[in-house]
Amino acid sequence: MRIEALYFAALVLPGLAYSDACSNVRIYSRDTWGAQRPKSSRTFKYTPVGLFFVHHTAGSRCFDFDSCAAQVRSIQNYHMVVKRWSDIEYNFLVGEDGAVYEGRGWNNVGAHTNGYNSQSIGMAVMGNFMCTKPNTEALNAVKNLIQCGVNLGHITSTYRLYGHRDASSSSCPGDALYNEIKTWPHYSRIPLWKPDIYCV
């Protein structure tokens with residue numbers, strides 16, 4: 001019988017139990033979904049970060065642990081073997097099983113949004129969401145993950161939420177998902193203007 005260990009972030013604010021800070025989010029660790037070891041990593045120089053980027057993977061959707069874990073392994077393999085990047089590009093991924101899958105995590109700079117990686121957390125919902133948005137379980141997981149990051153001190157309480165297309169010419173995170181996040185309170189219409197001075 002498989003034991004599905006959950007990931008618990010190392011940083012917990014004084015006096016705040018993890019169960020209180022992130023009670024509504026289920027995060028599977030890299031070990032749990034079967035990640036390869038990264039070739040290299042770089043930690044954030046300044047925290048908490050003030051930007052959060054939403055992506056979609058533009059691939060297949062998944063609705064249970066086995067299929068979602070397989071998707072994450074496939075994405076990591078593509079990024080590391082084909083693209084020759086150091087690791088999977090996202091900090092986290094979300095499946096329509098309502099769970100979050102740890103990518104580079106809270107502490108390591110991602111490679112998801114060129115020019116803004118050192119200032120942001122990037123999360124991708126697994127699937128293509130041009131025409132339909134993710135199910136309620138996935139959308140709630142995204143919201144709960146962001147609040148978890150705020151509670152744990154990884155994301156500022158005044159964070160600005162963007163879709164990937166806000167920082168590039170991409171269609172990501174798909175029209176349907178993009179239109180959804182534009183209704184969320186922290187979605188920002190402030191233009192992005194201060195890119196990283198170096199690339200990941």
Side-chain angles (χ1 to χ4, degrees), residues 24-28 33 49-65 67-79 82-83 85 88-104 110-150 155-156 158-196 199-200:
N24 294 327
V25 62
R26 184 169 83 253
I27 306 178
Y28 289 115
W33 60 260
V49 298
L51 305 177
F52 192 97
F53 285 96
V54 175
H55 300 249
H56 71 168
T57 61
S60 299
R61 300 167 74 169
C62 63
F63 298 89
D64 57 62
F65 174 81
S67 61
C68 288
Q71 281 284 341
V72 182
R73 289 192 299 271
S74 177
I75 292 166
Q76 186 192 35
N77 189 68
Y78 176 72
H79 289 170
V82 178
K83 294 289 191 179
W85 295 339
I88 193 167
E89 65 178 315
Y90 310 110
N91 295 95
F92 297 95
L93 299 94
V94 168
E96 290 182 275
D97 58 344
V100 177
Y101 294 76
E102 180 192 16
R104 299 196 187 197
H112 48 83
T113 308
N114 190 38
Y116 297 93
N117 291 306
S118 70
Q119 309 170 48
S120 66
I121 294 291
M123 178 282 321
V125 183
M126 288 181 273
N128 188 319
F129 300 104
M130 283 298 295
C131 299
T132 59
K133 65 184 181 182
N135 65 14
T136 300
E137 288 81 359
L139 294 174
N140 286 340
V142 176
K143 294 175 183 177
N144 292 337
L145 174 68
I146 297 172
Q147 188 58 52
C148 171
V150 172
I155 302 171
T156 63
T158 57
Y159 71 91
R160 286 151 50 194
L161 177 70
Y162 292 98
H164 183 203
R165 65 175 64 180
D166 291 318
S168 74
S169 59
S170 170
S171 63
C172 179
D175 290 348
L177 178 53
Y178 184 64
N179 289 335
E180 168 66 23
I181 67 169
K182 284 169 67 177
T183 69
W184 296 3
H186 281 262
Y187 177 76
S188 179
R189 288 174 171 79
I190 299 173
L192 291 158
W193 62 276
K194 191 177 180 182
D196 297 336
C199 298
V200 176

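Keep in mind the model is a prediction, meaning the values are calculated, not measured.
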Sidechain-backbone polar pair: N24 side chain, N144 backbone, donor-acceptor under 3.5 Å: no
Polar side-chain atom of N140 near backbone of E137 as donor-acceptor pair, under 3.5 Å: no
Distance-minimising heavy-atom pair for G127 and R61: CA-CG, 3.8 Å
Atom pair OG (S60) and CG (N128), whose distance is rounded to the nearest 0.5 Å: 9.5 Å
T132 (side chain) donor-acceptor with F129 (main chain) under 3.5 angstrom: no
Euclidean distance, H56 NE2 relative to S170 OG, rounded to 0.5 Å: 6.5 Å
Euclidean distance, L161 CG relative to I181 CD1, rounded to 0.5 Å: 5.0 Å
Interatomic spacing from OG in S120 to CD1 in I155 - rounded to 0.5 Å: 9.5 Å
Full working for side chain to side chain donor-acceptor pair (under 3.5 Å) between T113 and H55: CA-CA 9 Å; T113 308; H55 300 249; 3.2 Å; yes
Smallest separation among heavy atoms of V94 and A141, with atom names: CG1-CB, 3.9 Å
Closest non-hydrogen atom pair between L192 and A167, with its separation: CD1-CB, 3.7 Å
Nearest atoms (heavy-atom pairs only) where V125 meets A138: CG1-CB, 4.4 Å
Any V54 side-chain heavy atom under 4.5 Å of M123 side chain: yes
Non-neighbouring partners of S188 that pass side-chain contact (heavy atoms from CB on, under 4.5 Å), sequence neighbours left out: R160, Y162, I190
Parallel, tilted or perpendicular, as decided by the 30° and 60° cut-offs, for the rings of W85 and H79: tilted
Euclidean distance, K182 NZ relative to D166 CG, rounded to 0.5 Å: 8.5 Å
Worked check of side-chain contact (heavy atoms from CB on, under 4.5 Å) between V100 and V25: CA-CA 7 Å; V100 177; V25 62; 3.8 Å; yes
Taking every non-hydrogen atom, the tightest pair across M126 and C62: CE-SG, 3.8 Å
Main-chain N/O of F63 paired with E96 side-chain donor or acceptor, under 3.5 Å: no
D175/R165 salt bridge by N-O under 4.0 Å criterion: yes
side-chain contact (heavy atoms from CB on, under 4.5 Å) partner of Y159, the single match among L51, V150, V49: V150
H164-H112 aromatic ring centre distance below 6.0 Å: no
Considering all heavy atoms, the nearest G50-T156 contact: CA-OG1, 3.6 Å
Under 3.5 Å donor-acceptor, N77 side chain and R73 backbone: no
Candidate list W33, Y101, F92, test ring-ring contact (aromatic ring centres under 6.0 Å, His included), partner Y28, passing option: Y101
Value rounded to 0.5 Å, distance of OH in Y78 from OG1 in T57: 12.0 Å
Expected output: side-chain N91 to main-chain I121 donor-acceptor under 3.5 Å: no
